Amino acid sequence: MKAAAFAYARARSVDDALELLAAHGDGAKVLSGGQSLMPAMNLRLISPELIVDIGGIAELRGVSVQGNTLRIGALTRHADLLRASEIADHAPLLAEAVLHVAHPAIRNRGTLGGSLAHADPASELPACMLVLDAVIVIRSRTGERRMAAADFFRGIFQTALSADELLVAIEIPIGRTNATHFFHEFARRHGDYAIAGLAAQAVIKSGAFTDLRLAFFAVGDRPVLAGAARRLINTVVTPALVLNACAALGEELDPQDDQQASSGMRRHLAKVLMARSIAALLGRPELMGRAA
Ligand SMILES: Cc1cc2nc3c(=O)[nH]c(=O)nc-3n(C[C@H](O)[C@H](O)[C@H](O)COP(=O)(O)OP(=O)(O)OC[C@H]3O[C@@H](n4cnc5c(N)ncnc54)[C@H](O)[C@@H]3O)c2cc1C
């Protein structure tokens with residue numbers, strides 16, 4: 001199938017893009033890498049009147065460190081995240097997660113901003129944003145606003161963005177000492193969207209977690225930062241405590257059934273991921289126990 005007829009405008013600057021979005025409201029759609037938008041248009045799931053192509057706006061591209069903040073332009077491609085030394089140094093979780101996003105051809109075009117704005121609940125990168133405590137930078141004609149990633153994702157393919165707004169950058173606080181990370185997903189094939197996945201970051205002192213952030217994806221209508229992780233902080237982690245935390249996680253999640261997996265299977269896989277992450281982060285395989 002082919003997309004319905006649409007008008008096309010190539011924005012010359014952020015201001016130019018914002019003018020076009022404000023003028024056309026819900027009838028316009030932003031085009032970044034096109035890896036989600038174009039398939040959706042070709043399948044006629046959406047039929048925008050106008051495509052606003054932001055692909056040529058240089059100020060939206062690139063990775064930099066500014067003081068204690070890692071700033072990533074919205075147009076930074078998945079493949080660029082893999083190459084950037086700033087990402088390897090300050091957000092290695094992101095580099096590891098990107099390797100699970102689709103395949104090289106798609107990673108060469110797809111962008112971080114596009115992935116976050118698209119808000120597929122099975123996507124890897126939104127979950128990483130929760131773990132890394134990222135701030136989403138949003139601009140409209142009336143100014144700029146900043147929002148915690150935890151507030152940005154609102155449901156399946158839904159975010160806090162309005163039709164006249166552009167996601168311009170992502171800011172990640174850096175400088176956490178001794179942070180270590182874990183990433184794993186269950187998918188039918190490498191590169192497929194996950195059936196259940198987990199991005200995690202921890203700070204460990206004297207064998208105990210002083211901080212633990214676990215963000216699950218593909219087990220709800222948006223990425224979920226698990227409250228159950230709090231049970232494992234500043235305490236001696238035992239196999240019984242891991243089982244207890246996994247049970248609490250099961251209560252917290254509300255996965256959906258689809259052709260890939262039942263709700264029960266997704267909940268089970270999330271518990272397995274939780275136990276594996278704790279064991280891996282602490283370097284104590286015996287903690288996986290019956291949960292995994
Ligand atoms: C075969 C295939 C497999 C894939 N597998 C995975 C996978 O395993 N994991 C995964 O996470 N993704 C996967 N993807 C999606 C891919 O990662 C996309 O690149 C990404 O979701 C969207 O990025 P994009 O730059 O291509 O955005 P686009 O397709 O250009 O846009 C996506 C949506 O976001 C909006 N948008 C884009 N940029 C902005 C912005 N700056 N401000 C406001 N709105 C904006 C657009 O209007 C559109 O609604 C897959 C895609 C394909 C085709």
Side-chain angles (χ1 to χ4, degrees), residues 3 6 8-11 14 17-18 20-22 24-43 45-57 59-61 72-82 94 96-129 136-140 144-145 147 152-153 156-170 183 185-197 199 215 217-218 222-223 260:
F6 59 89
Y8 171 90
R10 189 161 172 82
V14 170
L18 294 174
L20 287 162
L21 292 176
H24 294 270
D26 285 337
K29 270 283 181 191
V30 175
L31 173 69
S32 292
Q35 300 304 295
S36 296
L37 182 65
M38 297 317 294
M41 287 174 62
N42 287 338
L43 290 168
L45 297 172
I46 52 168
S47 301
E49 294 156 16
L50 173 70
I51 290 298
V52 178
D53 184 351
I54 62 170
I57 305 177
E59 68 180 280
L60 292 179
R61 207 175 286 283
I72 309 172
L75 270 185
T76 306
R77 298 188 197 284
H78 303 325
D80 296 331
L81 295 173
L82 286 172
L94 202 48
E96 189 170 340
V98 168
L99 284 171
H100 295 263
V101 175
H103 310 283
I106 290 157
R107 296 200 290 263
N108 284 337
R109 301 290 315 166
T111 66
L112 178 57
S115 178
L116 304 185
H118 188 54
D120 189 316
S123 274
E124 293 81 359
L125 305 184
C128 292
M129 295 300 118
I136 312 294
V137 186
I138 299 167
R139 213 178 289 169
S140 71
E144 191 167 277
R145 62 187 181 119
M147 177 176 286
F152 180 74
F153 302 103
I156 300 176
F157 305 128
Q158 285 179 2
T159 70
L161 284 170
S162 304
D164 63 344
E165 290 181 318
L166 208 55
L167 193 166
V168 292
I170 295 91
F183 184 92
E185 70 179 36
F186 293 111
R188 296 254 175 238
R189 296 168 304 185
H190 184 84
D192 282 4
Y193 277 104
I195 295 172
F217 52 98
R222 67 195 84 176
Q260 290 223 70

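Note that the structure is a prediction, hence the values are computed from the model and not measured. Atoms within a ligand are numbered from 1 in the order they appear, just like the ligands themselves.
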**Request:** With atom 3 (C) of ligand 1 as the reference point, say which of Ala102, Ala117, Ala187, Pro126 has the nearest heavy atom.
**Result:** Ala102
**Prompt:** Can you tell me if His78 has a non-hydrogen atom under 4.0 Å from ligand 1?
**Reply:** yes
**Asked** Could a heavy atom of His100 be found less than 4.0 Å from some atom of ligand 1?
**Response** yes
**Contact check: Arg109 vs ligand 1, nitrogen or oxygen atoms, below 3.5 angstrom** = no
**Prompt:** Can you tell if the side chain of Val52 reaches within under 4.5 Å of the side chain of His24, non-hydrogen atoms only?
**Reply:** no
**Asked** Nearest to atom 21 (O) of ligand 1 by heavy atom, Ala194, Pro48, Ser36: which?
**Response** Ser36
**Request:** Before signing off on this row, confirm whether Leu37 and ligand 1 have an N or O atom pair separated by under 3.5 Å.
**Result:** yes
**Item:** Pairwise side-chain contact, Leu50 with Tyr8, heavy-atom cut-off 4.5 Å (strictly under)
**Value:** no
**Item:** Whether Leu125 lies under 4.0 Å from ligand 1, heavy atom
**Value:** no
**Prompt:** With a 4.0 Å cut-off on heavy atoms, is Leu116 touching ligand 1?
**Reply:** no
**Request:** Find out whether Arg77 and Asn108 are in side-chain contact, i.e. whether some heavy atom of one side chain is under 4.5 Å from a heavy atom of the other.
**Result:** no
**Message:** Give me the residue, atom name and distance of the protein heavy atom closest to atom 6 (C) of ligand 1.
**Reply:** Tyr193 CZ, 3.4 Å
**Message:** Tell me whether the rings of His100 and Phe183 are parallel (<30°), tilted (30 to 60°) or perpendicular (>60°).
**Reply:** tilted
**Prompt:** Hey, does Ala74 come in under 3.5 Å of ligand 1, counting only N/O atoms on both sides?
**Reply:** no
**Asked** Taking both backbone and side-chain atoms of Leu167, is any N or O found less than 3.5 Å from an N or O belonging to ligand 1?
**Response** yes
**Complete:** The protein heavy atom nearest to atom 9 (N) of ligand 1 is Glu124 OE1, 2.8 Å
**Asked** Going by the order shown, which atoms of ligand 1 are within less than 4.0 Å of some heavy atom of Ile106?
**Response** 1 (C), 2 (C), 3 (C), 16 (C), 51 (C), 52 (C), 53 (C)
**Prompt:** Is a donor on one side and an acceptor on the other found under 3.5 Å between the side chain of Arg109 and the backbone of Gln35?
**Reply:** no
**Message:** I want to check something: taking the side chain as every heavy atom from C-beta on, are Leu94 and Ile72 in contact at a cut-off of under 4.5 Å?
**Reply:** yes
**Request:** Check whether any side-chain N or O of Thr159 sits under 3.5 Å from a backbone N or O of Leu161 as a donor-acceptor pair, and report yes or no.
**Result:** yes
**Taking atom 25 (O) of ligand 1 as the reference point, the nearest protein heavy atom with its distance** = Thr111 OG1, 2.6 Å
**Item:** ligand 1 contacted by Gly191 (non-hydrogen, < 4.0 Å)
**Value:** yes
**Request:** Give a yes or no on this: more than 12 heavy atoms of other residues, nucleotides or ligands lie within 6.0 Å of atom CG of Asp26.
**Result:** no
**Close approach of Asp192 to ligand 1, heavy atoms, under 4.0 angstrom** = yes
**Min N/O separation Met38 to ligand 1 under 3.5 Å** = no
**Message:** Closer than 4.0 Å to some heavy atom of Leu166 - which atoms of ligand 1 meet that?
**Reply:** 42 (N)
**Fill in**
Counting from 1 in the order shown, the ligand 1 atoms closer than 4.0 Å to a non-hydrogen atom of Gln35 are 18 (C), 19 (O), 26 (O), 29 (O), 51 (C), 53 (C)
**Within-4.5 Å side-chain heavy-atom neighbours: His78 and Ser115** = yes
**Asked** Considering Ala17, Gly114, Gly33, Ser162, which one's heavy-atom position lies nearest to atom 32 (C) of ligand 1?
**Response** Gly114
**Message:** I'd like to check Glu49 versus Phe6 (side-chain heavy atoms, cut-off strictly below 4.5 Å). Are they in contact?
**Reply:** no
**Message:** Is Asp120 close enough to touch ligand 1? Criterion: a residue heavy atom under 4.0 Å from a ligand atom.
**Reply:** no
**Prompt:** Counting from 1, what ligand 1 atoms have a heavy atom of Ile54 closer than 4.0 Å?
**Reply:** 41 (N)
**Message:** Looking at every non-hydrogen atom in both residues, tell me the closest pair between Ala160 and Met147 and how far apart they are.
**Reply:** CB-SD, 3.4 Å
